[in-house]
Amino acid sequence: MKYKALVADIDGTITHQNRRLNLKAAEMLYRLNDESGIPVVLATGNILCFSHAASKLIGLSGYVIAENGGVVSEGFDTNPYIMGDIKECRKAFSFLSEYIPLTKLDPEYRKTEIALRRNFDLEYAKNVIKSGKYNVDLIDTGYAVHIKSNTMNKGTGLVKIAELMGLNPKEFVAIGDSENDLEMIEFAGIGIAVANSDQKTRSIADIVTDASYGEGVVEAIERLYSCDWNDTCL
Ligand SMILES: O=C(O)COP(=O)(O)O
Ligand SMILES: [Mg+2]
């Protein structure tokens, strides 16, 4: 077996379009982790407690990359690794707020980055941020816009979690749907985009599934099983 673990994005990937968990994908991830000995990591822009709850409810082991790589956890009862620094994001947020009214999402729980409601002109905001020369990225997941440090992402989170699991990132299959998944898809041994993914994510992925959202995850995992977790027949 070339691939020994799987890292999956949450929103837009293992869900339906409206963020409801795709139960077929969840069942497949559970079996993969519990019966086939392929550990499953969840990677999301969402906060640590949400990610842990998702992992627990699917029946996984608590390996999560939260806040777009800012927070990495190797279990439910362990101290998380804080990989990012929120200070630069706060400065960028204050600067951007002078130009655009912004609504923060769950700020009381975020340790390393700032998530915003998607109710403003993103291209304009990106230009404003660029003019301020902050070391941050503004990224749109399709569900929220994030102000995050430009030195951390789900790819750097994958490098950390792979180290904690005694694996190489190239032994991972990564699956996602949007620009916050790009580095994770690149750093993994094989990167998969579900069919609903944005153009850039589709273009850097090794494989784009025929099916969208959670159905795409089911398709990808079935294809991997049929290749015995190698990429020879994909
Ligand atoms: O928190 C978001 O913006 C969406 O998160 P995702 O990384 O699970 O798609
Ligand atoms: Mg997503």
Side-chain angles (χ1 to χ4, degrees), residues 6-22 25-26 29 40-58 60 63-73 83-84 86 89 93 102-120 122 125 136-149 152-158 161 172-188 191-202 204-205 208-209 211-217 220:
L6 181 137
V7 56
D9 168 53
I10 297 182
D11 285 315
T13 302
I14 65 167
T15 65
H16 296 270
Q17 184 175 12
N18 65 2
R19 301 184 71 201
R20 182 167 72 88
L21 184 64
N22 182 300
L29 294 176
V40 175
V41 176
L42 296 179
T44 177
N46 218 316
I47 52 179
L48 179 65
C49 54
F50 174 94
S51 319
H52 267 167
S55 180
K56 179 68 93 180
L57 289 167
I58 294 170
L60 305 177
Y63 283 118
V64 300
I65 299 166
E67 296 190 20
N68 290 308
V71 180
V72 170
S73 164
M83 314 289 290
I86 201 168
C89 304
F93 172 84
L102 301 169
T103 309
K104 282 185 185 173
L105 301 175
D106 39 59
E108 65 276 37
Y109 298 113
R110 290 199 176 261
K111 297 178 185 355
T112 63
E113 53 121 77
I114 293 171
L116 305 170
R117 193 168 301 291
R118 294 170 78 243
N119 58 1
F120 57 89
L122 187 62
V136 300
D137 295 323
L138 204 58
I139 50 168
D140 182 12
T141 68
Y143 296 91
V145 173
H146 297 255
I147 304 177
K148 57 170 265 310
S149 155
M152 56 136 228
N153 49 60
K154 289 188 192 179
T156 59
L158 173 59
I161 208 131
F172 276 77
V173 173
I175 183 158
D177 76 315
S178 73
E179 63 172 326
N180 68 331
D181 299 315
L182 291 174
E183 294 87 354
M184 169 178 99
I185 284 174
E186 269 172 347
F187 291 6
I192 302 176
V194 283
N196 53 291
S197 299
D198 60 46
Q199 189 47 44
K200 196 157 180 206
T201 309
R202 294 165 62 93
I204 63 118
V208 179
T209 60
S212 294
Y213 300 101
E215 304 295 329
V217 173

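Position 1 is the first residue of the sequence; numbering continues from there. Read the numbers this way: they start at 1 and go in the same order the structure lists the ligands and their atoms. The model shown is predicted, which means the values in this text are computed figures rather than measured ones.
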N/O separation below 3.5 Å, [X] to ligand 1:
X: His146; value: yes
X: Ala43; value: no
X: Asp11; value: yes

Part of [X] within contact of ligand 1 (heavy atoms, under 4.0 Å):
X: Asn180; value: side chain
X: Thr141; value: side chain
X: Asp9; value: side chain

> Would the number of heavy atoms belonging to other residues, nucleotides or ligands and lying under 6.0 Å from NZ of Lys200 be above 12?
Replying inline: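 Atom NZ in Lys200 is not crowded, with 12 or fewer foreign heavy atoms closer than 6.0 Å.
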> Under 6.0 Å from the CZ atom of Arg118, do we count more than 12 heavy atoms belonging to anything else shown?
Replying inline: yes
For residues [X] and [Y], report the shortest heavy-atom separation together with the two atoms involved.
X: Leu21; Y: Ile14; answer: CD1-O, 3.7 Å
X: Thr209; Y: Ala220; answer: CG2-CB, 4.0 Å
X: Tyr143; Y: Asp177; answer: CE1-OD2, 4.3 Å
X: Met184; Y: Ala43; answer: SD-CB, 3.6 Å
X: Asp9; Y: Asp11; answer: OD2-O, 2.9 Å

> Are any N, O or S atoms from Asp181 nearer to the Mg ion (ligand 2) than 2.8 Å?
Replying inline: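 No, since none of the N, O or S atoms of Asp181 sits under 2.8 Å from the Mg ion (ligand 2).
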For ligand 1, which atoms have a heavy atom of [X] less than 4.0 angstrom away?
X: Ile10; value: 8 (O)
X: Asn46; value: 1 (O)
X: Thr44; value: 5 (O), 6 (P), 7 (O), 8 (O)

For the Mg ion (ligand 2), which N, O or S atom of [X] is at the shortest distance?
X: Asp11; value: O
X: Asp177; value: OD1
X: Asp9; value: OD2

>> Distance check, rounded to the nearest 0.5 Å: Glu67 atom CD versus Lys148 atom NZ?
In response: 12.0 Å
> Do Glu113 and Asn68 have a side chain donor and acceptor closer than 3.5 Å?
Replying inline: yes
